[in-house]
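Order of the sequence lines fixes the chain letters, A, B, ..., with proteins taken first and strands second; residue numbering starts at 1 for each chain.
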Number of protein chains: 2
Amino acid sequence: MTIDDMDRKLLAALQEDAGQSYAALGEIAGLSAGSAHERVRKLKAAGVIRRTTIEVDPAALGRGVLAYVLLEANAWMGDSREALLDIPAVDEAHIIAGPASVLVKVRTTTTEDLQATLRALHAVDGVTSTQTVVVLESFFERQPAVV
Amino acid sequence: MTIDDMDRKLLAALQEDAGQSYAALGEIAGLSAGSAHERVRKLKAAGVIRRTTIEVDPAALGRGVLAYVLLEANAWMGDSREALLDIPAVDEAHIIAGPASVLVKVRTTTTEDLQATLRALHAVDGVTSTQTVVVLESFFERQPAVV
DNA sequence: GATGAAACCTAGCCGGT
DNA sequence: ACCGGCTAGGTTTCATC
């Protein structure tokens, strides 16, 4: 799909507030409400917009401890996707180039919970060791910029 | 704020689809539409719900290269927040305990752009060295689970 | 704090340009 | 591909319990 400047304006506006009316969106992009509606529909159909969702404060849910864990594995971890999905504390999992095999982002309530999560990660098939980086303070976490 | 089980159901439903009606939300949580509306309003006012937004496919925006960068610094980087915010490729920045000082999440169009971003990170005040971990494949990226 | 109804507003579809 | 009007449905408010 070709994304032009109007689409980018619409995407940026929706990232800030997905609840605003198509009339307001049209004004931002220099379009009528109907046209804005049509473009957003196409962006959704093309998969550029995956879904509309809410941004929740993790600390309010009791998920104030953030850590990244490097998993070293002795086998290809391609089949470990589901095992990692089943650990609720794991928000992200990536196969990486470099010293370890998989990088995992973890949020827990307490450091004790973090310990329990590390045990769960150790139990995943193929994992031989973990290296944990605890976040002391987050400067910011934002969505991919619509350049 | 006290978050009970109904609130959690509402939050989980809104994470999946923030566009659904309050009537549907009420049905999920076992509430009337008006009550569902009232609870969501309070969750927003309390900051549990930060905002409603869209989830955009990074690759569709030409941000298909994902990497994590560890920044070693020779000084306290507390004042570097704005400098990192100004680099559009940087999606997250965290002060960490461990080998380096700051962990940064970066999305770029190409590996050449990644190089340019690394140069920009080197130029940030206090940064003495960088260590880059390139993501080969993302298993998943999801939002903090509402447990 | 929850409910149900009533007024207002918006989304979503239409044909026309 | 954009625009304007129409209609059903949803949001939002209010009185009530």
Discussion item. What I'd like to find out is whether the side chain of A:I28 reaches to under 4.5 Å of the side chain of A:Q20, using heavy atoms alone.
Written reply: yes
Discussion item. Can you confirm whether more than 12 heavy atoms, excluding those of A:E16, are under 6.0 Å from its CD atom?
Written reply: no
Worksheet item: Nearest to the side chain of B:S21, which nucleotide is it out of D:dG10, D:dT12, C:dT10?
Response: D:dG10
Discussion item. According to side chain to side chain donor-acceptor pair (under 3.5 Å), who are the partners of B:D4, at least two apart in sequence or on a separate chain?
Written reply: B:R39
Discussion item. Rounding to an integer number of Å, can you tell me how far B:Q20 CD sits from D:dG9 C1'?
Written reply: 16 Å
Discussion item. So, taking the atom named CG in A:L70 and the one named CG in A:L103, what distance separates them when rounded to the nearest 0.5 Å?
Written reply: 5.5 Å
Practice prompt. Tell me whether the OP1 or OP2 atom of D:dT12 has a side-chain N or O from B:H37 closer than 4.0 Å.
Written response: yes
Worksheet item: Rounded to whole angstroms, how far apart are CG on B:L14 and P on D:dT11?
Response: 11 Å
Practice prompt. Assess whether side-chain contact (heavy atoms from CB on, under 4.5 Å) is satisfied between A:V106 and A:D91, documenting all intermediate values.
Written response: CA-CA 6 Å; A:V106 166; A:D91 284 355; over 6 Å; no
Fill in: Atom pair distance, as rounded to whole Å: CZ in A:R41 and C1' in C:dC14
14 Å
Practice prompt. Quickly work out the B:Y22 OH to C:dT10 P distance and round it to whole Å.
Written response: 14 Å
Item to complete: Take atom CG of A:D86 as the centre, draw a 6.0 Å sphere, and report whether it contains more than 12 heavy atoms from other residues, nucleotides or ligands.
Response: yes
Worksheet item: Using the C1' atoms of five pairs at each end, what's the angle between the two axes of the helix from C:dG1-D:dC17 to C:dT17-D:dA1, to 10 degrees?
Response: 30°
Item to complete: Rounded to the nearest 0.5 Å, what's the gap from CG on B:D7 to CD1 on B:I49? Could you check?
Response: 9.0 Å
When you compare the protein's N or O atoms with those of nucleotides 1-8 of chain C, which come within less than 3.5 Å of each other, and at what distance?
unit_1	atom_1	unit_2	atom_2	d
C:dG1	OP2	B:K42	NZ	2.2
C:dA2	OP1	B:R39	NH1	3.3
C:dT3	OP2	B:S32	N	3.0
C:dT3	OP2	B:S32	OG	3.2
C:dT3	OP2	B:S35	OG	2.9

Practice prompt. Please tell me if the side chains of A:R142 and B:V90 come closer than 4.5 Å, counting only heavy atoms from C-beta onward.
Written response: yes
